[in-house]
There are 4 protein chains.
Amino acid sequence: MPKVSPEYLESRRAEILDAAIVCFARDGFHPTTMKDIVRESGLSPGAIYNYFQSKEEIIESIAARRHEKERQLVLEAISKGPIATALDRVRDAFLDDLDSPQERLRRRVSVQLWAEAQRNPQVRKIVRRSFDEPRKLLSEMLIEAQKRGAIAQGANAEALASFVIAAFHGLVLQREWDSHFSIEPHKQLLDLLLGAVAGAPESAMAG
Amino acid sequence: MPKVSPEYLESRRAEILDAAIVCFARDGFHPTTMKDIVRESGLSPGAIYNYFQSKEEIIESIAARRHEKERQLVLEAISKGPIATALDRVRDAFLDDLDSPQERLRRRVSVQLWAEAQRNPQVRKIVRRSFDEPRKLLSEMLIEAQKRGAIAQGANAEALASFVIAAFHGLVLQREWDSHFSIEPHKQLLDLLLGAVAGAPESAMAG
Amino acid sequence: MPKVSPEYLESRRAEILDAAIVCFARDGFHPTTMKDIVRESGLSPGAIYNYFQSKEEIIESIAARRHEKERQLVLEAISKGPIATALDRVRDAFLDDLDSPQERLRRRVSVQLWAEAQRNPQVRKIVRRSFDEPRKLLSEMLIEAQKRGAIAQGANAEALASFVIAAFHGLVLQREWDSHFSIEPHKQLLDLLLGAVAGAPESAMAG
Amino acid sequence: MPKVSPEYLESRRAEILDAAIVCFARDGFHPTTMKDIVRESGLSPGAIYNYFQSKEEIIESIAARRHEKERQLVLEAISKGPIATALDRVRDAFLDDLDSPQERLRRRVSVQLWAEAQRNPQVRKIVRRSFDEPRKLLSEMLIEAQKRGAIAQGANAEALASFVIAAFHGLVLQREWDSHFSIEPHKQLLDLLLGAVAGAPESAMAG
DNA sequence: AATGAATGAGATTTCATTCAT
DNA sequence: CATGAATGAAATCTCATTCAT
């Protein structure tokens with residue numbers, strides 16, 4: 001099976017990552033063995049090592065792909081409509097797929113990545129970026145909103161962006177572990193908070 | 001030859017758990033070897049196995065201890081002052097020690113536990129409880145506040161409790177991975193949210 | 001589709017062997033991978049396997065080629081001049097190229113072959129021949145010299161041939177590993193020995 | 001099996017090295033698997049790795065032990081008798097055990113070490129020393145002999161030492177691979193050479 | 001003839017756990 | 001109760017070789 005197209009190679013890489021995600025979501029990075037990934041992917045060990053240098057590199061590639069995916073999600077949500085409702089679109093983009101099985105699988109792996117970031121510097125770098133960049137994008141958007149007067153001048157845009165992201169991450173966890181979880185009430189609370197910020201007196205919001 | 005006091009036994013167990021936490025916070029559960037724990041604790045492998053049946057049991061004990069600790073934190077915060085300011089006390093109890101090094105160590109292990117819950121049923125049970133019980137305590141308190149009229153009647157107490165906890169969990173992650181993190185602005189946003197809930201019209205809060 | 005000249009095939013084989021020698025001289029037979037040889041030769045794995053059935057066959061071909069080369073060296077040195085100075089010519093033929101980089105590369109592979117002969121019967125056969133045949137050639141030459149009276153009658157021609165070869169092999173090793181090595185003094189010692197043998201009383205040389 | 005004596009540990013190390021030597025002499029370093037060593041030693045893989053960090057370290061330890069052994073052999077031969085016959089004793093010490101099966105095993109491993117020195121820097125260091133140090137010891141002895149007038153003043157002591165060692169190494173190889181090998185004639189040739197050096201005119205021996 | 005992706009047996013090493021002392 | 005050497009199943013990764021194209 002010689003000289004195949006770059007697209008073929010890329011799709012093989014993706015296949016392997018998808019198989020690995022299934023395994024990692026089930027068992028976590030370390031208890032998952034290469035044999036598990038071999039079984040799930042239907043390839044041979046050697047084939048996998050033709051595409052990735054090590055298990056670590058698979059994990060790091062998943063982290064990178066995940067990060068890129070989220071960045072796109074934010075960027076698209078922001079750009080794909082009137083600026084006034086951008087935050088709503090971001091909110092929906094993230095919260096809505098908390099219920100998609102496919103996405104839950106990936107969110108479980110995100111939780112693994114938060115844990116893995118503690119020991120793997122490469123993963124840590126990507127996880128840091130996955131916190132920093134969305135916060136920056138969101139907070140730029142909020143500053144824009146302030147300029148338009150849609151949000152109180154005194155509001156601390158960066159903190160608000162940060163807080164919204166924190167809430168989202170916390171909800172990811174609850175989606176997994178809290179037996180009473182449902183999305184809708186949290187959306188309303190988020191809106192309530194944003195509404196409150198919109199009208200907040202300066203003193204309440206100083207950074 | 002045996003015959004030592006139960007207190008001695010308990011303090012030995014605690015020593016081992018403390019040593020394990022140091023290791024787990026650094027490397028995660030699975031990459032940490034029993035040898036690491038042996039080194040950190042200064043005990044021998046045999047000694048450790050006299051107190052715990054397995055590495056899994058150490059992890060589960062840490063999860064249980066952690067859970068119990070948090071439950072106490074909520075209970076104390078609620079009971080140790082006027083009910084009107086209980087939520088403030090809970091908020092402070094949790095947020096303030098996000099900056100204590102000792103506590104950060106333990107929070108890092110909490111992140112590991114979220115990941116581990118995916119594969120270890122025993123840990124999952126404890127993690128579930130650590131989501132459910134605090135939510136229940138908080139939401140009971142909020143319902144109490146509603147009865148007193150301190151919060152709008154229409155507010156969805158359970159969702160609010162849940163949301164506050166989600167935000168806290170998200171902040172634990174940011175404390176670790178976001179390079180711009182500081183607590184204070186988030187406290188203010190939390191207060192803003194609670195203030196908004198207190199005065200919210202029923203329609204905005206229907207569960 | 002095949003149909004290429006035997007010369008082409010032979011030159012391809014030689015290319016591969018040359019590339020392999022570079023690798024083997026650097027890393028030894030077993031640590032050298034086929035991938036290394038692929039890289040060094042610029043061919044593909046499949047191409048190499050069209051010329052050799054296995055890595056072992058490459059090693060054995062190198063051994064055979066090496067052996068043949070040395071046999072020629074002795075034969076030429078002996079035949080290319082007056083018999084009286086044949087031994088000098090052999091001596092020079094072998095010692096002089098101990099300083100050629102090309103030849104050092106090949107000598108390094110000879111050392112590998114000595115080691116490999118321990119486990120690979122085919123290589124062992126060739127290595128044995130590479131000890132036996134030159135010894136035989138040399139010793140026949142010495143017997144000739146005895147008949148002419150150039151060497152004492154009592155001299156043990158076979159042992160002397162053997163000893164001269166031993167010294168040469170030892171010098172190959174020293175050339176590689178002894179930091180103080182230089183050829184010239186050893187040539188003189190060899191001459192001194194041969195001179196002594198020429199005039200030795202029978203008693204000193206009985207086989 | 002806790003807390004055993006350092007002697008016990010040392011003897012276990014030696015056992016492992018002895019088992020490894022048997023395997024290495026049979027198959028060479030790289031084709032020998034850890035499983036082979038496990039089988040030969042009767043220990044478990046884990047046990048072996050309690051004493052050596054890697055297979056490489058086993059090889060290096062064998063090299064070091066071998067080197068030390070030879071150094072002792074030279075030192076003892078030199079010091080254990082009248083200086084006038086020291087060279088004879090060295091000669092005998094080395095040549096005589098070329099026929100001992102135990103020693104042949106070890107010599108086979110020496111050949112492996114010469115090959116291995118090409119790629120393993122640690123082994124190379126030891127092999128270099130095993131060439132340099134004996135040469136130095138021998139040549140100091142020869143210089144002493146010159147001072148006493150037992151050897152011609154003009155003789156190049158260092159080259160002679162070097163040559164004698166080369167011959168010995170070459171004989172190690174022949175012992176293994178030459179089907180006609182026997183020691184005795186070579187001893188006589190060595191003596192003849194030394195005798196010739198003893199009486200050589202200065203011009204023939206200038207370094 | 002050439003290519004190079006795929007194979008899969010097998011190599012080295014680790015590590016949770018045991019148990020003789 | 002403590003020790004730590006020993007165990008051995010299993011993990012990650014390699015690499016000679018094949019074969020569809």
Side-chain angles (χ1 to χ4, degrees), chain A residues 1-5 8-9 12 30-38 41-58, chain B residues 1-4 8-9 12 29-38 42-59, chain C residues 1-4 8-9 12 29-38 42-59, chain D residues 1-5 8-9 12 30-38 41-58:
Chain A
M1 214 175 285
K3 206 50 179 175
V4 295
S5 68
Y8 175 85
L9 293 179
R12 270 298 163 104
H30 301 288
T32 292
T33 70
M34 289 307 289
K35 220 172 179 184
D36 292 333
I37 300 177
V38 162
S41 67
L43 297 174
S44 63
I48 292 178
Y49 279 90
N50 278 345
Y51 292 91
F52 297 93
Q53 300 216 8
S54 63
K55 189 180 164 188
E56 297 267 285
E57 199 187 288
I58 295 179
Chain B
M1 209 171 301
K3 267 310 89 150
V4 294
Y8 177 82
L9 292 179
R12 271 294 168 103
F29 294 135
H30 300 286
T32 292
T33 67
M34 288 304 284
K35 210 174 182 186
D36 291 332
I37 299 176
V38 162
L43 298 174
S44 64
I48 291 177
Y49 278 87
N50 279 337
Y51 294 94
F52 296 93
Q53 300 221 9
S54 66
K55 188 181 166 187
E56 297 268 282
E57 197 187 293
I58 294 179
I59 294 170
Chain C
M1 208 170 299
K3 271 303 92 153
V4 294
Y8 176 82
L9 292 179
R12 271 293 167 103
F29 295 134
H30 300 287
T32 292
T33 67
M34 287 305 284
K35 211 175 183 186
D36 291 331
I37 298 176
V38 162
L43 299 174
S44 65
I48 291 178
Y49 278 87
N50 278 338
Y51 293 94
F52 296 93
Q53 301 221 8
S54 65
K55 187 181 167 188
E56 297 270 282
E57 197 187 293
I58 294 179
I59 294 170
Chain D
M1 214 173 287
K3 205 51 179 174
V4 295
S5 69
Y8 174 85
L9 294 177
R12 270 297 164 104
H30 300 287
T32 293
T33 69
M34 289 306 288
K35 220 172 179 185
D36 292 332
I37 300 178
V38 163
S41 68
L43 297 174
S44 63
I48 292 178
Y49 279 90
N50 279 343
Y51 292 91
F52 297 94
Q53 300 217 8
S54 63
K55 189 181 165 187
E56 297 267 284
E57 199 187 291
I58 294 178

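Not measured: the values here are computed from a predicted model.
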Fill in: Earlier contact from the 5' end, DNA chain F, for D/N50 and B/R12
B/R12

Worksheet item: Under a cut-off of 3.5 Å for both distances of each Watson-Crick or G-U pair, what dot-bracket string does DNA chain F give, using [ ] for crossing pairs and | for inter-strand pairs?
Response: .||||||||||||||||||||

Item to complete: Check whether any side-chain heavy atom of A/V4 lies under 4.5 Å from a side-chain heavy atom of A/R12, and answer yes or no.
Response: no

Discussion item. Do D/I58 and D/Y51 have side chains that approach each other closer than 4.5 Å (heavy atoms only, starting at C-beta)?
Written reply: no

Discussion item. For a 4.5 angstrom cut-off between non-hydrogen side-chain atoms, does B/P31 reach A/H30?
Written reply: yes

Worksheet item: Looking only at heavy atoms, which two atoms of C/D36 and C/T32 are closest? And how far apart?
Response: OD2-CA, 3.6 Å

Worksheet item: Tell me: CG of A/L9 to P of E/dT3, nearest whole Å?
Response: 17 Å

Produce the list of close N/O pairs, under 3.5 Å, pairing protein atoms with atoms of nucleotides 16-18 of chain F; give distances to one decimal.
| residue | atom | partner | partner atom | Å |
| --- | --- | --- | --- | --- |
| F/dA16 | OP1 | C/K55 | NZ | 3.2 |
| F/dA16 | OP2 | C/M34 | N | 2.5 |
| F/dT17 | OP2 | C/Y49 | OH | 2.8 |
| F/dT17 | OP2 | C/K55 | N | 2.9 |
| F/dT17 | O5' | C/Y49 | OH | 3.4 |

Discussion item. Would the distance check show the side chain of C/K55 and the main-chain N or O of C/F29 forming a donor-acceptor pair, the cut-off being under 3.5 Å?
Written reply: yes

Response to the item:
Closest non-hydrogen atoms of B/L43 and B/V38, given as atom of the first, atom of the second and distance, are O-CG1, 3.0 Å

Item to complete: For A/I48, report the nucleic acid contact type (base, sugar-phosphate, nothing); a contact means any heavy atom under 4.0 Å.
Response: nothing

Discussion item. Taking only side-chain N and O atoms of D/Y8, does any of them lie within less than 4.0 angstrom of OP1 or OP2 on E/dT21?
Written reply: no

Response to the item:
Comparing nearest nucleotides in DNA chain E, the 5'-proximal residue of the pair A/L43, C/G42 is C/G42

Discussion item. Please confirm whether the shortest side-chain N or O distance from A/Y51 to OP1 or OP2 of E/dA6 is below 4.0 Å.
Written reply: yes

